[in-house]
Structures are given as structure tokens and as C-alpha cells.
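Presented below is the structure to which this report refers.
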Amino acid sequence: RLHIILAFSPIGNAFRNRMRQFPSLINCCTIDWFQAWPDDALEMVANRFLEDVDMEDDVRSACVSLCKHFHQSVRRLSEKYFSTLRRHNYVTPTSYLELIMTFKVLLGQKRKET
């Protein structure tokens, strides 16, 4: 048996267009929608990505909590946005990773300025 795994991001028009062009992606496949990451997973990922940043442990812990808070707040607000306006704003694990990477880049830039 041949098994093929395709991964698509639901963000933007590309996903919608692909579903229209290839309806068998919906009709003949098993779709596995991933759920939001739990708190401990968000903390572990942030700790892993921030472990190479030079900072004290208490500061790192505060940064991890802040990243987690930002991600969860945006997810809750996105749900409220959908219930109010019926428009989607997707908050994905990739969004969380981009948040952490953006933090690292900005921190590096600010440290070079001083």
C-alpha cells in the first residue's frame, strides 16, 4: 500500500484554491486537523528555541510565559473575531514558532544597538 502525507497551511487563499482545483483531496482522503498545543507543549517549545539566547533563567522563564500568553491571547481573540464577524484568523503552531523567532531577531537587533 502506498501512503502519502500532504501538509497544507489553512492560511490564505492557496489552501482554498487547492481544494477547489483538486476536490478529491477532500472526498477521498482522511483529513487530520491538528488541535491547539497544550500549555506544557508551548512552554517546552519556547524553552527549546530560547535555550541558545544569552539570558538569565528567570528572564528566560518570563519570556516563555510571555510568548505563551501572546499565542493563547491571539487564539482566544481569533475565536471571538470569528463568532462576531464570521471571518477566520488562523493561529497555528507555525505562528507560535514565528513569534519566538521574531522575538529572537528583535532581541539580537536591540542588543547590537546598545
(request) Validate the cation-pi geometry between Arg20 and Phe22: distance from NZ or CZ to the six-membered ring centre under 6.0 Å, angle to the ring axis within 45°. (result) no
(message) Would you compute the distance between atom CD1 of Ile100 and atom SG of Cys67 and round it to the nearest 0.5 angstrom?
(response) 5.0 Å
(message) What I'd like to find out is whether the side chain of Val74 reaches to under 4.5 Å of the side chain of Asn89, using heavy atoms alone.
(response) yes
(message) Are the side chains of Cys63 and Leu50 in contact, using a 4.5 Å heavy-atom criterion?
(response) yes
(request) Sorted by first residue and then second, give each ring-ring contact (aromatic ring centres under 6.0 Å, His included) pair with at least one member in residues 91-114; sequence neighbours left out. (result) His71-Tyr96
(message) So, using salt bridge (charged side-chain N to carboxylate O under 4.0 Å, His left out) as the criterion, who are the partners of Glu79 when residues are at least two apart?
(response) Arg75
(message) Please determine whether the number of non-hydrogen atoms from other residues, nucleotides or ligands lying under 6.0 Å from atom CD of Glu56 exceeds 12.
(response) no
(request) Answer whether the closest heavy-atom distance between the side chains of Asn47 and Met44 falls below 4.5 Å. (result) no
(message) Arg87 vs Tyr81, test: side-chain contact (heavy atoms from CB on, under 4.5 Å). Steps then yes/no.
(response) CA-CA 7 Å; Arg87 300 213 36 168; Tyr81 180 70; 3.6 Å; yes
(message) With heavy-atom distances below 4.5 Å as the criterion, would you say the side chains of Gln72 and Val91 are in contact?
(response) no
(request) Group every Ile, Leu, Val, Met, Phe, Trp and Tyr by side-chain heavy-atom contacts under 4.5 Å, then state whether Tyr90 and Phe82 land in the same group. (result) no
(message) If hydrophobic clusters are built from ILVMFWY residues whose side chains come within less than 4.5 Å, do Trp37 and Met101 share one?
(response) yes
(request) Answer yes or no: is there a donor N or O on one side and an acceptor on the other, between the side chain of Ser61 and the main chain of Asp57, under 3.5 Å? (result) no
(message) Taking CZ in Arg48 as the centre, count heavy atoms belonging to other residues, nucleotides or ligands within less than 6.0 Å. Is the count above 12?
(response) no
(message) Between Ile5 and Met19, is there shared hydrophobic-cluster membership here, with clusters defined by ILVMFWY side-chain heavy atoms closer than 4.5 Å?
(response) no
(request) Give a yes or no on whether Leu97 and Val64 share a hydrophobic cluster (residues Ile, Leu, Val, Met, Phe, Trp, Tyr; joining criterion: side-chain heavy atoms under 4.5 Å apart). (result) yes
(message) Between Val53 and Arg111, is the side-chain contact (heavy atoms from CB on, under 4.5 Å) condition met? List the steps.
(response) CA-CA 11 Å; Val53 177; Arg111 284 182 173 174; 4.0 Å; yes
(request) Quick one: pull up CG in Leu99 and OG in Ser95 and give me the separation to the nearest 0.5 Å. (result) 9.0 Å
(message) Does anything in residues 44-63 form a ring-ring contact (aromatic ring centres under 6.0 Å, His included)? List the pairs, not counting sequence neighbours.
(response) none
(request) For Phe70, check ring pair (Phe, Tyr, Trp, His ring centres under 6.0 Å) against everything at least two apart and list the hits. (result) none
(request) Go through the structure and list residues passing ring pair (Phe, Tyr, Trp, His ring centres under 6.0 Å) with His69, not counting sequence neighbours. (result) none
(request) Please identify each residue that fulfils salt bridge (charged side-chain N to carboxylate O under 4.0 Å, His left out) with Lys110, with sequence neighbours left out. (result) Glu113
(message) Whether the side chain of Arg60 engages the backbone of Met55 through a donor-acceptor N/O pair (distance < 3.5 Å, no angle test) should be reported.
(response) yes
